[in-house]
Novice: 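Would you mind keeping the following structure in view while I ask a few things?
Sequential numbering from 1 along the given sequence is applied to the chain's residues. Order of listing sets the numbers, starting from 1, for every ligand and every atom in it.
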Amino acid sequence: MIKELAAVDFLKSQIKRFPETAIILGSGLGGLVDEIEIQKRIPYTKIPHFPVATVEGHGGDLIFGKLEGVAVLAMNGRFHYYEGYDMADVVFPLRAMKLIGVKRLIVTNAAGGLNEDFEVGDLMLIEDIISLLPENPLRGKNNEEFGQRFPDMSEPFDLDWIEKTKSEADRLGIKLKTGTYLGMQGPKLETKAEIRYCRIIGGDAVGMSTVPEVIAANHMGMKVLGISVITNESIPKVAKEFTHADVVAAANRAGQKLVELVKAVL
Ligand code: HPA
């Protein structure tokens, strides 16, 4: 908590009024930044104790501004467990955001489609998560100021927000898939046998992010919305070799749909 407070003190010296809505931008989805009327951009390297992003396709700054007239804070570049951070570091920015008054979180990511009905470029509204990560950000002594020891996770995503997103997607003519996001540690991609396993246990999309943030946000009582961009098909029959560059390129292509949808939802 002390580290988070130092980051918060610094942010308070930079920004007068804090947004209540935060958006985490996934791999290749930084295009949303172009739509933000930017008031302040703060590189992570300037913020005390903030981890520094290492993955290609991720920037590394906090962006304060307005999107569709709504004050937002965008995290351009996120922290993944596979990069070697502790879980506390992975969710550090989110906890700092809570302390500056963020109440709502929109989390986005690039993911592999496990569901046979999904195609590359689809958007999937995340209705639930499965964690196959080896750790949990809430492990250790509970900080009661953030939330309770055993937070309820029966509805990790806000139902009203889900309904609103579905109706806005309809209105915009955006085909929106829904499903369960399965979080893996990575950084390796899944074997065919793992893909079969992920499908059997109920995953519709697989990725290496989002789950820690959704857990920490629920712990802190934030309202959460999650959207995946399907960047490759992780289906045994069709699964073919792909690279991180393919993921980023597919996310960039589908990014505009995501931007339209997020703007409409705001
Ligand atoms: N697996 C894990 N993470 C991913 C994938 C995938 O197929 N695609 C994008 N991120």
Novice: Under 4.0 Å between a side-chain nitrogen and a carboxylate oxygen: does that hold for K98 and E4?
Specialist: no
Novice: Quick one, list the residues around ligand 1 where some non-hydrogen atom comes in under 4.0 Å, by chain and residue number.
Specialist: A110, A111, G112, L189, E190, V206, G207, M208, T231, N232, S234, F242, V247
Novice: Tell me whether K175 is salt-bridged to D122, with the criterion being a basic N under 4.0 Å from an acidic carboxylate O.
Specialist: yes
Novice: May I ask you to decide if the ring planes of Y44 and F79 are parallel, tilted or perpendicular, using 30° and 60° as cut-offs?
Specialist: tilted
Novice: For residues 256-266, please give each side-chain donor-acceptor pair under 3.5 Å, one per line with the distance, not counting sequence neighbours.
Specialist:
| unit_1 | atom_1 | unit_2 | atom_2 | d |
| --- | --- | --- | --- | --- |
| Q256 | NE2 | E260 | OE2 | 2.9 |
| K257 | NZ | G121 | O | 2.7 |
| K263 | NZ | E35 | OE1 | 2.8 |

Novice: If only atom types and distance count, is the side chain of D61 paired as donor or acceptor with the main-chain N or O of I63 below 3.5 Å?
Specialist: no
Novice: Are the charged groups of R78 and E83 less than 4.0 angstrom apart, N to O?
Specialist: no
